[in-house]
There are 2 protein chains.
Amino acid sequence: MMSTKKNYTRETILKAAWKILDESPRASSRMSDIAKEAGISRQAVYLHFPTRAELLIATARYVDEVYEIDERLRKSRNATTGKERLSAYIEAWGNYLPCVDCMASAFLAMPDDDDAMAAWNDRMAEVRDGCLAAIEALAADDDLTASYTVEQATDILWMLLSIQNWQLLTVKCGWSQADYVSHILEIAQNVLVKNC
Amino acid sequence: MMSTKKNYTRETILKAAWKILDESPRASSRMSDIAKEAGISRQAVYLHFPTRAELLIATARYVDEVYEIDERLRKSRNATTGKERLSAYIEAWGNYLPCVDCMASAFLAMPDDDDAMAAWNDRMAEVRDGCLAAIEALAADDDLTASYTVEQATDILWMLLSIQNWQLLTVKCGWSQADYVSHILEIAQNVLVKNC
DNA sequence: CGCTCAATTGACACCGTGTCAACTTTACAC
DNA sequence: GTGTAAAGTTGACACGGTGTCAATTGAGCG
């Protein structure tokens, strides 16, 4: 099969892009840098990805696959009570955030690219769906505080679990990953769970 | 005085930059766009500001001056009790955020410019100082929850009041400005104030 | 009048993205 | 083996945005 080789190169490029983004925290990840890392010519990258934005989108998907984030989040839905589900979701997503930090930075650095922003917003919308499911489970147990509607509580949880907040607390404030998860969990419970 | 004319043009440019950033929510604010808005040639902008980054930094300062944010925040320090001071600070800063949203977006869109990021980090550090002062006032009244150290509580308040959270709740979730302020205040009190 | 400084025009270098054409390599099919 | 098609290479180029430079214009002022 010819396509085998093509797929192999494609994955090589994705790995290279991931590595470059991961290593150069806030440096410029040019197409030429990624190509060099992948051991091919800059132009060859365009044989597999039409634009830089598409490459980043594909890389984000690839990272998701490698870390099996879908499965991680699905497991958090198995919790029986709403409270357990809330903490399982926060723990699952909160511990995934450091893995996608580099991808998030790359996307947020190109806010004027419509394709990239659409892909990013899709991903974030999925996270909000997860938040909504957790909040609804909490509401079903009548454990959701009366201060907020389900929508508002979802928005607040979504906000707490944003990558920007993770970056602020861990990168800028120097919190450990464990502190981040435990304190965000504490805040969420404090704000969203009834008689807590 | 010759410098009068120069200062006048300088301010014209700053106003133009402000307007362009404000109007084009996530469009490209090129030097040529700003120059056109100011009614001068693109090259003339460089007679007043060496780089685009410096222009943005100066524009941010100009916006601060116009809105007299320093004075607004200073007033929040006049509150007598720690609790009052916390709510005064949240209200003052929270209601200033919509004014600087466009500037924030501009800075966050150029994360690889060292000068711009340094300027932005300075501004954010000042906000954190304000948070720290409010938390210390709370601690002085023995109204700070025992769950966090002063530093941790400051970090949490800083996180809650970040521009990214404001953008998320108002722009993406559609919250009104009033809802934003009141709910962030409620969350902060819930999380940070003892027996609340 | 002559000086100075702001501003203008037009040109250019640099850099990164994306495209194109021509050529080479690889691998498989017959 | 030889032919063919796809993958990859090199070199060149257009485009857009930033920043620089030189030559020129124009207004204000002693």
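Order of the sequence lines fixes the chain letters, A, B, ..., with proteins taken first and strands second; residue numbering starts at 1 for each chain.
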A:E186, CD: over 12 other non-hydrogen atoms inside 6.0 angstrom: yes
Rounded distance in Å - OH (A:Y8) to P (C:dT26): 15 Å
Between D:dG19 (P) and B:L55 (CG): distance, integer Å: 10 Å
Atom pair distance, as rounded to whole Å: CZ in B:F49 and P in D:dT20: 15 Å
Separation of C:dC5 P from B:R10 CZ (nearest whole Å): 19 Å
Using atom types as modelled, flag every donor-acceptor pair under 3.5 Å from a side chain in residues 45-58 of chain A to any protein atom, sequence neighbours excluded.
unit_1: A:T51; atom_1: OG1; unit_2: A:A53; atom_2: N; d: 3.4
unit_1: A:T51; atom_1: OG1; unit_2: A:E54; atom_2: N; d: 3.1
unit_1: A:R52; atom_1: NH1; unit_2: A:S29; atom_2: O; d: 2.5
unit_1: A:R52; atom_1: NH1; unit_2: A:S29; atom_2: OG; d: 3.3

Spacing between B:D112 atom CG and C:dC15 atom P, to the nearest angstrom: 15 Å
A:N165 (side chain) donor-acceptor with A:L161 (main chain) under 3.5 angstrom: no
Basic-acidic side-chain contact under 4.0 Å: A:E151, A:R128: yes
Which atom pairs, donor and acceptor, lie under 3.5 Å between side-chain atoms of residues 10-19 of chain A and protein residues at least two apart or in another chain?
unit_1: A:E11; atom_1: OE2; unit_2: A:Y62; atom_2: OH; d: 3.1
unit_1: A:T12; atom_1: OG1; unit_2: A:Y8; atom_2: O; d: 2.9
unit_1: A:K19; atom_1: NZ; unit_2: A:E37; atom_2: OE2; d: 3.2

N-O pairing of B:D141 and B:K83 below 4.0 Å: no
Annotated protein contacts, base or backbone, on nucleotides 8-18 of chain D with a non-hydrogen cut-off under 4.0 Å, one of B, S, - each: BSBBB----SB
